[in-house]
Amino acid sequence: MLLKRYFGKDLKNLLLACNDRAQIFEVHALMILSGLFSYGTSTAQLVSSYARVGEIEFARKVFDKLPKRRVNVWNAMIVAYSRNDSPSEVINVYKQMRCEGVKPDSSSFTVSIKACTRLLDFEMGEEIWKTAVECGYGNDIFVGSSVLNMYSKCGKMDEAMGLFEKMPRRDVVCWTAMITGFVQCGRVREAVDVYCQMQREGMEGDRVVMLGLIQALANTGEAKLGRSVHGYLIRNDVPMDVVIQTSLVDMYAKIGELEFAYRVFRQMPNKNVISWSALISGYAQNGFVSNALELFAEMQRYGFQPDLVSILGALLASSQVGRSRLGKSIHGYVMRRLDIDQVLGTALIDMYAKCGSISCAYAMFDRIPCKDLICFNAMIASYGIHGHGKEALSLVIQMIESNIKPDHATFASLLSALSHSGLVKEGQYWFDIMVKEHKIQPGEKHYACLIDLLARAGKVEEAQNLINSMTCEPGLAVWVALLSGCHNYKRFLNGELAAKKVMELNPDNSGIYSLLANFFAAAGKWNEVSEIRKIMKRKGMKKTPGHSVVEVNGQLHAFLMEDKSHPQYEQIVKLLEKLDKEMRAIGYVPKTEFVLHNLEEEVKVRMLCNHSERLAIAFALLNTGPGTKLLITKNLRVCGDCHEATKFISIIVKREIVVRDVKRFHHFKDGLCSCGDYW
DNA sequence: GTAGGGTTAG
């Protein structure tokens with residue numbers, strides 16, 4: 001008795017000071033010798049100390065030997081198992097405790113319910129919760145929050161809300177459980193509501209919850225909610241650190257609010273690489289190419305070394321406008337600083353291919369050590385946009401041989417590649433293989449490719465039959481493919497049905513209306529042309545102005561149609577007039593049917609000469625040395641007459657001219673185009 | 001003798 005009084009407290013401190021098994025063992029021996037062990041003093045501490053130094057088996061042995069075990073000893077064992085990541089043992093001890101008639105307390109319930117959550121054993125959890133209520137712990141905040149967490153983990157948010165509303169006291173853990181629960185099951189709006197309510201009740205905002213919310217908003221794309229949460233942060237002077245602000249930048253970028261992202265970014269007092277990269281990749285992914293590249297340069301001026309994400313963003317941006325010089329310099333930078341893995345390698349393949357160099361793309365592909373599905377798909381798609389159908393096909397065969405399973409994207413790229421090369425038989429054959437051998441259900445995209453393939457080859461009836469046999473409802477892409485085939489082959493009768501279907505589907509894209517208008521113009525149906533114009537006007541659509549860009553000496557130059565604003569416009573026109581004469585001398589005849597308007601022939605010819613791609617070509621010819629390969633990037637399909645003219649220009653100036661239009665690449669050389677006029 | 005919730009962000 002005396003010993004207990006003297007040593008009880010010291011014993012506890014002694015045990016707390018122990019750092020390993022040997023030290024605990026000494027104290028343990030002391031306890032046995034002094035008789036305190038059998039008295040029950042500090043035995044719970046002994047159990048928890050053994051567990052704390054990782055000796056859970058020892059703890060259990062001691063626990064099993066204890067003659068009388070009060071609730072604190074049981075809890076020590078329960079907590080030990082919980083900390084040891086053994087939730088099923090927690091439940092076993094809890095059950096044993098109940099069998100021996102020991103009344104659990106708040107922490108026994110709390111930790112046991114947590115264990116059920118970990119085990120996803122919600123039935124047991126409910127049972128323990130029922131017992132807790134019976135034992136008078138129904139209003140306990142610790143027990144309650146563990147139940148809230150259990151409900152939110154299994155998506156029972158309505159049950160969670162019911163309990164939450166009945167709780168007499170709620171702390172930040174309870175609010176957090178509710179908010180993250182709603183976030184995790186995608187009910188972001190309710191998550192925000194709970195968050196706002198928490199603020200109204202004067203609860204201190206928790207930045208971890210805030211981060212979770214912002215991320216959830218970024219993924220659901222609810223712009224209005226995103227702005228309101230941001231507004232809330234500002235109005236309530238919630239302190240924002242670099243992580244929160246970067247998440248806001250990312251959120252705005254993901255919901256397409258680049259202006260807001262930029263503003264948050266500029267107001268950040270401390271930026272790091274992640275902040276820069278977030279905005280760069282946001283710009284790149286939303287097509288704001290020059291913003292992305294300017295920011296990429298700026299970050300380096302400020303002394304930040306670009307990392308993987310910013311590099312991927314810059315590569316994506318470079319590839320969108322054919323900035324091969326910039327792309328190459330990034331490649332050099334990457335080689336000096338990072339290992340080229342599948343992700344970077346794939347981005348580089350894509351960049352080189354889209355910057356016109358299919359051979360560099362392949363060299364990159366060849367150097368990636370362990371090529372995965374995505375690498376193959378990127379290379380196959382690259383071959384496709386360059387019209388190398390056979391190479392795409394042999395790559396698909398190669399990947400099958402090396403046991404990489406092609407997916408729906410592989411076949412979509414393959415079919416598109418075969419289509420751009422006019423390989424009709426192969427297309428039909430591989431479509432069958434895809435369905436029968438690889439068990440891939442053809443989607444609209446695959447059908448559209450095959451129909452495109454047939455229609456491009458002039459097999460309009462076969463394309464029509466395929467549409468009739470489709471298992472899914474033919475959509476816009478399918479009818480557009482048929483329509484453009486009919487347009488190219490002047491199959492006006494078949495085309496009219498396709499045109500009608502296209503119009504029925506009420507597309508929201510001005511490019512498609514341009515196709516319709518072009519089709520009717522080619523058919524000489526000027527009434528329909530003006531009808532289309534009316535629809536476009538009613539819908540508030542404008543024909544996307546054609547523009548072309550060309551990189552000359554590392555600088556990007558953009559041209560609009562009839563772009564007289566350019567400082568070298570006079571020289572450009574002079575060169576085009578000179579070329580026009582030489583072209584006509586070797587057989588060029590302007591294809592005025594490509595001019596939409598119902599105008600005089602001579603005016604049409606002049607308009608053709610002013611197409612943006614021609615201005616860009618002339619400009620590039622004027623400003624580069626003889627023999628330099630040119631790369632022009634156009635935002636629309638290249639016009640049929642310009643296509644013809646560029647062939648002649650390639651003869652006259654003895655240059656390789658690469659034109660990338662919105663669909664694919666055209667390599668003009670010695671009077672021929674790589675697309676073989678399948679386009 | 002203690003407990004309930006998550007770690008950063010692209």
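Only this structure's heavy atoms are used, side chains among them; waters, hydrogens and symmetry mates stay out. Every chain is numbered from 1, with letters handed out A, B, ... down the list of sequences.
Residues forming a side chain to side chain donor-acceptor pair (under 3.5 Å) with A:Asn139 (at least two apart in sequence, or on another chain): none. Under the rule for a ring-ring contact (aromatic ring centres under 6.0 Å, His included), A:Tyr262 has no partner lying at least two apart in sequence or in another chain.
Note: A:Tyr252 and A:Phe260 have parallel aromatic rings, judged against thresholds of 30 and 60 degrees for the angle between ring planes.
Distances shorter than 4.0 Å separate some side-chain N or O of A:Gln215 from OP1 or OP2 on B:dA9. Contact check, A:Ser48 against B:dT2: a side-chain N or O comes under 4.0 Å of OP1 or OP2. Between A:Asn149 and B:dG4 there is no side-chain polar atom (N or O) within less than 4.0 angstrom of OP1 or OP2. OP1 and OP2 of B:dG10 both lie 4.0 Å or more from every side-chain N or O belonging to A:Lys271.
Contacts of A:Leu211 with the nucleic acid, taken as non-hydrogen atoms under 4.0 Å apart, involve only primed sugar atoms and P, OP1 or OP2. Within the nucleic acid shown, A:Arg83 comes within 4.0 Å of sugar-phosphate atoms alone, with no base atom in reach, counting heavy atoms only. A:Asp307 comes within contact range of at least one nucleobase, with a heavy-atom separation under 4.0 Å. In this structure, A:Val173 reaches the bases: a heavy-atom distance under 4.0 Å links it to at least one base atom across the strands shown. Here A:Ile141 lies in heavy-atom contact (under 4.0 Å) with a base. Contacts of A:Ser108 with the nucleic acid, taken as non-hydrogen atoms under 4.0 Å apart, are absent. Residue A:Thr180 is out of contact with every strand shown, counting any heavy-atom pair closer than 4.0 Å.
Listed candidates were B:dG4, B:dG6, B:dG5. Nearest to the side chain of A:Val172 is B:dG5. Comparing atom distances between the A:Ser42 side chain and each of B:dG4, B:dG10, B:dG1 picks out B:dG1 as nearest. The side chain of A:Arg207 sits closest to B:dT8 out of B:dT8, B:dG5, B:dG1. Closest to the side chain of A:Gln45, from the set B:dA9, B:dG5, B:dG1, is B:dG1.
A:Tyr50 places none of its side-chain heavy atoms less than 4.5 Å from the side chain of A:Ile56.
Below the 3.5 angstrom threshold, one finds a donor paired with an acceptor across the side chain of A:Ser277 and the base of B:dG10. With hydrogens and angles ignored, a donor-acceptor pair closer than 3.5 Å exists between the side chain of A:Thr176 and the base of B:dG5. Judged by distance alone with a 3.5 Å cut-off, no donor-acceptor contact links the side chain of A:Ser107 to the base of B:dG4.
Geometrically, A:Lys371 engages A:Phe365 in a cation-pi contact defined by less than 6.0 Å to the ring centre and at most 45° from the axis.
For A:Ile78 and B:dG4, the CD1 to P distance is 12 Å, given to the nearest whole Å. In this structure, the CZ atom of A:Phe109 is 20 Å from the P atom of B:dG1, given to the nearest Å. The nearest whole Å value for the distance from the CD1 atom in A:Ile244 to the P atom in B:dT8 is 14 Å. Atom CG in A:Leu248 sits roughly 11 Å away from atom P in B:dG10 (whole-Å rounding). Atom pair A:Tyr262:OH and B:dG10:P shows a separation of 22 Å (rounding to whole Å applied). The interatomic distance linking A:Tyr252 (OH) with B:dG10 (P) rounds to 16 Å, in whole Å. Atom CG of A:Leu46 and atom C1' of B:dG1 are 13 Å apart (whole Å).
Not a single donor-acceptor pair under 3.5 Å links the side chain of A:Arg52 to the backbone N or O of A:Asp20.
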